[in-house]
Amino acid sequence: MKLLPHSLNIAAYVWLLAWLICRCALPLFTHSIIQWPEWLIVITCIALFVASFSKEKVEDEMISSMRLSSIGITAAIFLIMFTFLNILDLANIKGKALEVLNYMVLEDIEVWIFFYLFLFKIRFLINSRRPADD
């Protein structure tokens, strides 16, 4: 699998951290919902993709395996959520919470990319803290 350079990974995570801080902090200070410009959202989506497909400092077979299994786990959770929402829809169960969940599962790809990144990084950090078997 051909991945982007590690320096792009660092830049993408810096952007995502700044975006997360602004997204969470600014509404608290302004006490209103902020309408973000579309170009900012597009840059954030690009940063998510770059962070997903760029190398770690040391890239080996184990990290590639963790990458693929994280994608598999994310896809499995997506399928479970998709099936759950379809069952609720067939049962005519409605509500605002279900509308938001339906939007997040079916239409908001950033949520799934962020979930994959979060899952992969947590697994990566846990694995890097373990002592190597000699």
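One is the number of the first residue; the rest follow in order along the sequence. Note that the structure is a prediction, hence the values are computed from the model and not measured.
Residues satisfying the side-chain hydrogen bond (donor to acceptor under 3.5 Å, both in side chains) criterion with S70, sequence neighbours excluded, are R123. For T44, the side-chain hydrogen bond (donor to acceptor under 3.5 Å, both in side chains) test picks out W15, with sequence neighbours left out.
Atom CD1 of residue I41 and atom CH2 of residue W19 lie 5.5 Å apart, to the nearest 0.5 angstrom. Atom CD1 of residue I80 and atom CG of residue L85 lie 12.0 Å apart, to the nearest 0.5 angstrom. Interatomic distance, CG of L16 versus CG of L20, reported as 8.5 Å (0.5 Å rounding).
In terms of heavy-atom proximity, F124 sits nearest to M66 at CA-CE, 3.6 Å. In terms of heavy-atom proximity, S52 sits nearest to I113 at OG-CG2, 3.4 Å. Residues V50 and L8 approach most closely at CG1-O, 3.6 Å, considering heavy atoms. Here the shortest heavy-atom pairing between A12 and A47 reads CB-O, 3.4 Å. Of all heavy-atom pairs between N9 and S54, the closest is CB-OG, 3.0 Å.
Between F120 and T74 there is no side-chain heavy-atom pair separated by less than 4.5 Å. Residues I77 and I73 have side chains in contact (heavy-atom distance under 4.5 Å, counting atoms from C-beta outward).
Classification of the F115-W112 ring pair by plane angle, with boundaries at 30° and 60°, yields perpendicular.
The environment of CZ in F114 is sparse: at most 12 heavy-atom neighbours from other residues, nucleotides or ligands sit within 6.0 Å.
Using modelled atom types, no side-chain atom of R67 and backbone atom of F53 make a donor-acceptor pair closer than 3.5 Å.
Placement of L40 and I21 in two distinct hydrophobic clusters is found when ILVMFWY residues are connected by side-chain heavy-atom separations under 4.5 Å, directly or transitively.
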